2 protein chains.
Amino acid sequence: MNIKSKFWITLDGEKVFGKGPCTLLKMVEKLGSLNKAAKELNMSYSKAWGIINRAERLLGYSLLETKTGGTGGGGSYLTDKAKILIKDYDLFSNEARISLEGIFKKYFKGL
Amino acid sequence: MNIKSKFWITLDGEKVFGKGPCTLLKMVEKLGSLNKAAKELNMSYSKAWGIINRAERLLGYSLLETKTGGTGGGGSYLTDKAKILIKDYDLFSNEARISLEGIFKKYFKGL
DNA sequence: TAGCGTTGTATTAATAAAAATATAATGATA
DNA sequence: TATCATTATATTTTTATTAATACAACGCTA
């Protein structure tokens, strides 16, 4: 018996950021391209684009700086705000997961 | 900006119990009928039944004692194990929610 | 024994989510 | 100027989830 959890940031009750966007942004940071990141995560480009677009719209600021055309066709790079966001989200979610497991054991130990 | 979370109990990686089943069980306890509980929660009976059936199957013990026929058509009543489960889950989830909010503020204060 | 509101299923319909596809625009390079 | 991989989007198709419906069995009561 174990506990599993999900957390996401909301604004006016709407989901604006969570694990999915975070994973995607990290992959973009690594590969320099939203298209490549989507492929790597077995996700359609349109879905990946939708995730970023929605998050940016709701957050009110840009997460990706995009370049289209040119050598390699272009690419996508994280804005400073995106870097801060994924860092804070990571710290938060790790600490949250550990805390939750502790509380879970307190009430469901032995089961 | 706020945090929202979901947690559920798993067994061998499979979701076996969470907020949905917990809410449903409480309503059954209150109304004495799975059918009435489903209506009260704007849920089809078949869905409600599926939730309970799945949880019981995976947990390996009964959550509801059911009676069919007779005055009022029958009804459903919580087993002792179900009562313990919802009590522990409630204690756990309340404490978890409070802890999570604290951690969230630590990393996203001001935003 | 007829009627009632349940439980327990199976089957079908409706809705939502996800994925796939298509297409235009971009701009460095050869 | 032709090529290329990308972004940005709209549209369509597929898949998955959820809900609705239907119906037999049950057993108390009148």
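Just so it is clear, the values below take in all heavy atoms, side chains as well, and ignore hydrogens, waters and symmetry mates. Protein chains get the first letters and strands the later ones, always in sequence-line order, with residue 1 at the start of each. Since we're looking at a predicted model, the values are computed, not measured.
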Which nucleotide in the list D:dA8, C:dT7, C:dA20 gets nearest to the side chain of A:Trp49? D:dA8
A:Leu64 CG to D:dT9 P: how many Å, rounded? 13 Å
Would you tell me whether A:Ser33 and A:Ser76 have side-chain atoms, one donor and one acceptor, within less than 3.5 Å of each other? no
Provide, to the nearest angstrom, the distance between the CD1 atom belonging to A:Ile52 and the P atom belonging to D:dT6. 16 Å
On DNA chain C, nearest-nucleotide positions of A:Asn42 versus A:Gly69: which is more 5'? A:Asn42
Ignoring the backbone of A:Ser46, work out which of D:dT7, D:dA20, D:dT9 is nearest its side chain. D:dT9
Please confirm whether the shortest side-chain N or O distance from B:Asn35 to OP1 or OP2 of C:dG5 is below 4.0 Å. no
Carboxylate-amine/guanidinium proximity below 4.0 Å for B:Glu40 and B:Lys30: no
Can you tell me how far P of D:dT7 sits from CG of A:Leu63, to the nearest Å? 15 Å
Could you report the tightest heavy-atom contact between A:Met43 and A:Ile51, atom names first, then the distance? SD-CD1, 4.1 Å
Would you kindly check whether a donor in the side chain of B:Thr68 faces an acceptor in the base of C:dT7, or vice versa, at under 3.5 angstrom? no
Using heavy atoms to find the nearest nucleotide of DNA chain D for A:Gly73 and A:Gly50 separately, return the residue whose nucleotide is more 5′. A:Gly73
Work out which heavy atom in A:Tyr89 is nearest to a heavy atom in A:Cys22; give both atom names and the distance. CD2-SG, 3.7 Å
Closest nucleotide of DNA chain C for B:Gly74 versus for B:Asn53: which of these residues is on the 5' side? B:Gly74
A:Lys47 side chain near C:dA19 phosphate (N/O to OP1/OP2, under 4.0 Å): yes
Whole-Å distance between C:dA25 C1' and A:Tyr45 OH? 12 Å
Give a yes/no verdict on a cation-pi contact between A:Lys15 and A:Trp8, requiring under 6.0 Å between NZ or CZ and the six-membered ring centre and an angle within 45° of the axis. yes
Quickly work out the B:Leu31 CG to C:dT6 P distance and round it to whole Å. 10 Å
Between CD of B:Glu56 and P of C:dT9 the distance, given in whole Å, is 11 Å
So, is A:Lys36 close to the D:dA5 phosphate, meaning a side-chain N or O under 4.0 Å from OP1 or OP2? no
In this structure, how many angstroms lie between the C1' atom of C:dT9 and the CZ atom of B:Arg57, rounded? 14 Å
OP1 or OP2 of D:dT6 sitting under 4.0 Å from any side-chain N/O of A:Ser76? no
Euclidean distance, atom CD1 of residue A:Ile51 to atom C1' of C:dA19 [Å, nearest integer]: 12 Å
Between the base of D:dC28 and the side chain of B:Thr71, is there a donor-acceptor distance below 3.5 Å? no
